[in-house]
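Here the structure is laid out as structure tokens; the discussion comes afterwards.
From a predicted model like this one, the values you see are computed outputs, not experimental measurements.
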Amino acid sequence: MTQVATLPCPHCATPNPAGSTFCARCGKALLAAAASGGPRVLGKNDLASTAAGQKLQSDELHKQAKKATGALLAVAIIATIRPVIVYMIVKNSPRFELEPTVFGIMVALAAIFWGLWVWSRSQPLPAAMVGLVLYGTNVAMSVYFATSRLSQNDLPGSNGIGGLGISWLDIIIIAVLAQAIQAGSKYRKLMAQQSRM
Amino acid sequence: METPHPPYPQTPPDAPPLPAQPAGDSWPLTPSFCNTCGAPWVPTWVECVPCAARREQANLAAGAAAALRESNTPVTSAIALYFAILACSIGGSIAINAGVSPVNMEIGFALVSSTVVLIWCAGSLRTVLPALRRVPHVGWFAAAAGGSIVTFAIASAAVFGLHKAIGIPTLRMTDEFFAAGYGIAFVVLLIAVQPGIFEELAFRGVILGGVRHVLSPMEAIVVSAAMFMIIHLAVPSFPHLFVMGLALGWLRVRTGSLYPGMLLHFCHNLLCVVWELWRPVSS
């Protein structure tokens with residue numbers, strides 16, 4: 001009979017195969033509980049090890065994705081206020097003229113942002129993508145017009161940070177939308193996997 | 001922590017159960033508890049069922065963890081391509097301000113933006129190549145050509161309607177090219193062929209394929225159509241551009257190929273050129 005390494009049980013003295021954690025006869029733990037090295041810290045791309053942890057993780061991702069709703073609401077409100085202010089300025093000051101086409105474009109953009117806000121309440125990820133593209137384009141064009149000094153009507157507040165034509169709010173909105181897209185994408189991938197579990 | 005394989009008959013579940021009479025008598029014939037997890041051992045087991053279940057869960061969790069680690073490159077790349085093309089447009093406007101003629105700016109824009117699109121395609125080959133490899137049934141090409149008449153009708157109605165309703169000017173594209181000495185073939189190449197190929201590669205190839213990693217087909221069609229609409233930087237044209245984008249996206253998803261969309265786009269733009277040459281110059 002070959003010699004095999006054994007682990008005697010401290011409670012019932014039954015020999016157990018080496019590497020066992022519990023005794024095969026009495027079921028008690030063979031060794032003192034090994035130190036686990038402290039709580040596990042999750043990295044950015046680690047999956048939590050328990051079902052409860054995974055639920056927390058996906059809830060957190062979902063919350064970040066839903067921030068897109070707030071950002072799009074802010075954008076829609078700003079986009080609505082702008083034509084209102086323009087209208088009031090034009091009405092009260094003979095210096096400024098209003099082209100109907102320009103006004104129509106402002107109103108149309110505001111309507112699109114409201115539509116994106118509504119969409120984001122049920123599906124934040126695609127709405128955030130379109131919102132980022134549309135608002136990013138808006139910001140890019142503002143920067144272009146401000147730096148090329150093409151704007152005929154020098155409306156107050158149109159020069160933004162350092163004359164670049166954007167404000168800190170614009171930067172915050174873009175950052176929130178970009179983050180929401182990242183979180184929303186991870187959330188969807190996780191949901192797709194978990195539906196198989 | 002790796003537990004060494006215990007010497008009990010640890011056979012796979014679908015193997016016939018071995019007789020529980022191992023040679024040697026160092027330990028019990030069948031265990032009363034599992035060595036690994038301590039669960040009470042049911043005599044009919046050939047392996048510890050809770051351990052097997054835990055192993056199964058761990059495998060699925062590994063799959064989920066892999067999904068989480070998957071980088072978001074396709075989506076980021078899609079949005080980055082959009083802004084790269086936007087940068088080309090803004091560059092074109094800067095060129096005009098600097099005194100470049102509109103014709104030369106259009107040619108330059110076509111060259112630069114095509115290069116940008118090709119670079120992105122090279123980086124997203126896995127997304128784009130399958131759509132370029134598949135050539136669907138010829139019926140789809142006929143449908144695309146027919147569809148271009150519909151999209152052209154919608155676009156013309158929209159442009160004409162806005163012109164009549166709030167006086168948005170209708171723009172002519174071809175006059176400057178002829179004045180600069182270019183012929184009809186070049187105009188068709190620049191206005192119909194180049195956008196037909198490269199806008200499809202960009203918006204239905206890289207962008208739709210990229211967002212398709214995290215969006216449903218319908219959502220991907222809508223998002224790529226929205227981006228296609230916005231890049232043209234003409235809010236009055238948004239409605240018909242969006243409709244056209246939806247049609248092109250649907251073709252891409254339905255056929256799995258970029259070619260019917262390219263044909264539709266080419267025919268649509270060609271109809272625009274033909275229409276413009278055919279009707280007299282409006283005052």
Gap between atom [atom2] of [Y] and atom [atom1] of [X] - 0.5 Å precision:
X        : Y        : atom1 : atom2 : answer
A:Arg188 : B:His213 : CZ    : NE2   : 14.0 Å
A:Cys9   : B:Phe33  : SG    : CZ    : 10.5 Å
A:Met129 : B:Leu215 : CE    : CG    : 4.0 Å
A:Arg25  : B:Asn35  : CZ    : CG    : 13.0 Å
A:Phe145 : B:Ile90  : CZ    : CD1   : 9.0 Å
B:Tyr82  : A:Thr137 : OH    : OG1   : 2.5 Å

*Answer whether the closest heavy-atom distance between the side chains of A:Val130 and B:Met227 falls below 4.5 Å.*
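No - every pair of side-chain heavy atoms lies 4.5 Å or more apart.
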
*Indicate yes or no: at least one non-hydrogen side-chain atom of B:Val222 is less than 4.5 angstrom from one of A:Pro126.*
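No - every pair of side-chain heavy atoms lies 4.5 Å or more apart.
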
Portion of [X] that has a non-hydrogen atom of chain A nearer than 4.5 angstrom:
X        : answer
B:Ile94  : both
B:Val223 : both
B:Ser216 : backbone
B:Ile79  : side chain

*For B:Glu219 and A:Leu125, run side chain to side chain contact (heavy atoms under 4.5 Å, CB included): C-alpha distance rounded to whole Å, both residues' side-chain angles, the deciding distance at 0.1 Å, then the answer.*
CA-CA 10 Å; B:Glu219 287 170 342; A:Leu125 181 57; over 6 Å; no

Checking [X] against chain B: side chain, backbone, both or neither under 4.5 Å from a heavy atom?
X        : value
A:Ile112 : side chain
A:Ala108 : side chain
A:Gln182 : both
A:Ser185 : both
A:Leu134 : both

*Would you check, one step at a time, whether the test side chain to side chain contact (heavy atoms under 4.5 Å, CB included) holds for A:Lys189 with B:Val214?*
CA-CA 7 Å; A:Lys189 284 187 195 150; B:Val214 292; 3.9 Å; yes

*Heavy-atom pair with the smallest gap, counting every atom of B:Ser93 and A:Tyr144*: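 Closest heavy-atom pair between B:Ser93 and A:Tyr144: CB-OH, 3.2 Å.
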
